[in-house]
Amino acid sequence: MKFNTSELVGWFNHRVYPMIAFVITHFVVGGILVAAYGLAGPDSGLPLFIISVAIALTTVLFIFSTIADMKLLAIDASDEFKATQLGASMKGFDAFAVMFSVLVLAVPVAHGLLFL
């Protein structure tokens, strides 16, 4: 089934915007964990590091899920949409997945250096 441009807005509202919000929340929680470490002291390092890793892995799974959906969306696009500038730019999703994953996984690495 082919989709048109108007159907794309609903998909963005359902998948892409929540993923962006989840990634932003990941970095906010990372800052909160550093503040919690400062308040609780060095004995809280390992539990906070474990929480940081769990949040990072969840965020990476969310990113890969959204990227997989974007790949399927690009395959299923109508020829009219593929002819548009936005449709022509829907490729290179693996690079986005790697880039976002590196940024997200940098947070628990930084926490590990700080906490442990």
Side-chain angles (χ1 to χ4, degrees):
M1 178 174 101
K2 300 293 181 181
F3 66 90
N4 59 36
T5 307
S6 64
E7 294 171 325
L8 188 63
V9 173
W11 184 85
F12 266 87
N13 289 337
H14 179 70
R15 290 296 286 153
V16 174
Y17 296 138
M19 191 259 317
I20 292 170
F22 204 83
V23 169
I24 290 170
T25 303
H26 165 75
F27 290 109
V28 170
V29 169
I32 292 170
L33 289 176
V34 171
Y37 176 74
L39 292 172
D43 293 337
S44 66
L46 184 60
L48 291 176
F49 176 70
I50 292 169
I51 292 169
S52 178
V53 169
I55 292 170
L57 291 178
T58 304
T59 305
V60 167
L61 288 174
F62 199 171
I63 289 169
F64 278 115
S65 159
T66 304
I67 296 293
D69 283 351
M70 291 172 83
K71 283 181 175 182
L72 292 175
L73 185 70
I75 291 169
D76 204 29
S78 66
D79 293 332
E80 295 85 27
F81 180 73
K82 288 179 183 177
T84 66
Q85 190 173 8
L86 176 63
S89 69
M90 293 190 73
K91 53 186 149 216
F93 296 119
D94 294 328
F96 286 119
V98 169
M99 180 178 63
F100 280 124
S101 298
V102 166
L103 290 173
V104 166
L105 293 175
V107 173
V109 168
H111 286 160
L113 295 173
L114 175 68
F115 295 156
L116 301 177

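Note that the coordinates shown come from a computational prediction; the quantities given were computed from them, not determined experimentally. The chain is numbered in sequence order, starting from 1.
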Atom [atom1] of [X] and atom [atom2] of [Y]: how far apart are they, to the nearest 0.5 Å?
X	Y	atom1	atom2	result
His26	Thr59	NE2	OG1	5.0 Å
Asp69	Phe93	CG	CZ	10.5 Å
Phe62	Ile20	CZ	CD1	10.0 Å
Ile55	Ile32	CD1	CD1	9.0 Å
Leu61	Phe22	CG	CZ	9.5 Å
Ile67	Arg15	CD1	CZ	10.0 Å

Check: Met19 and Ser65 side chains under 4.5 Å, non-hydrogen atoms: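 No. Closest side-chain heavy atoms not under 4.5 Å.
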What about [X] and [Y], same hydrophobic cluster or not, with Ile/Leu/Val/Met/Phe/Trp/Tyr joined at side-chain heavy-atom distances under 4.5 Å?
X	Y	result
Leu39	Ile51	no
Ile50	Val29	yes
Leu46	Val34	yes
Val16	Phe27	yes

Partner residues of Ser44 under the side-chain contact (heavy atoms from CB on, under 4.5 Å) criterion, sequence neighbours left out: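 By the side-chain contact (heavy atoms from CB on, under 4.5 Å) rule, Ser44 matches Tyr37, Ala40, Leu48.
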Partners meeting salt bridge (charged side-chain N to carboxylate O under 4.0 Å, His left out) with Asp43 (sequence neighbours left out): none
N/O donor to acceptor pairs below 3.5 angstrom from side-chain atoms of residues 99-116, sequence neighbours left out:
unit_1, atom_1, unit_2, atom_2, d
Ser101, OG, Ala97, O, 2.7
His111, ND1, Ser52, OG, 2.6
His111, NE2, Gly30, O, 3.0

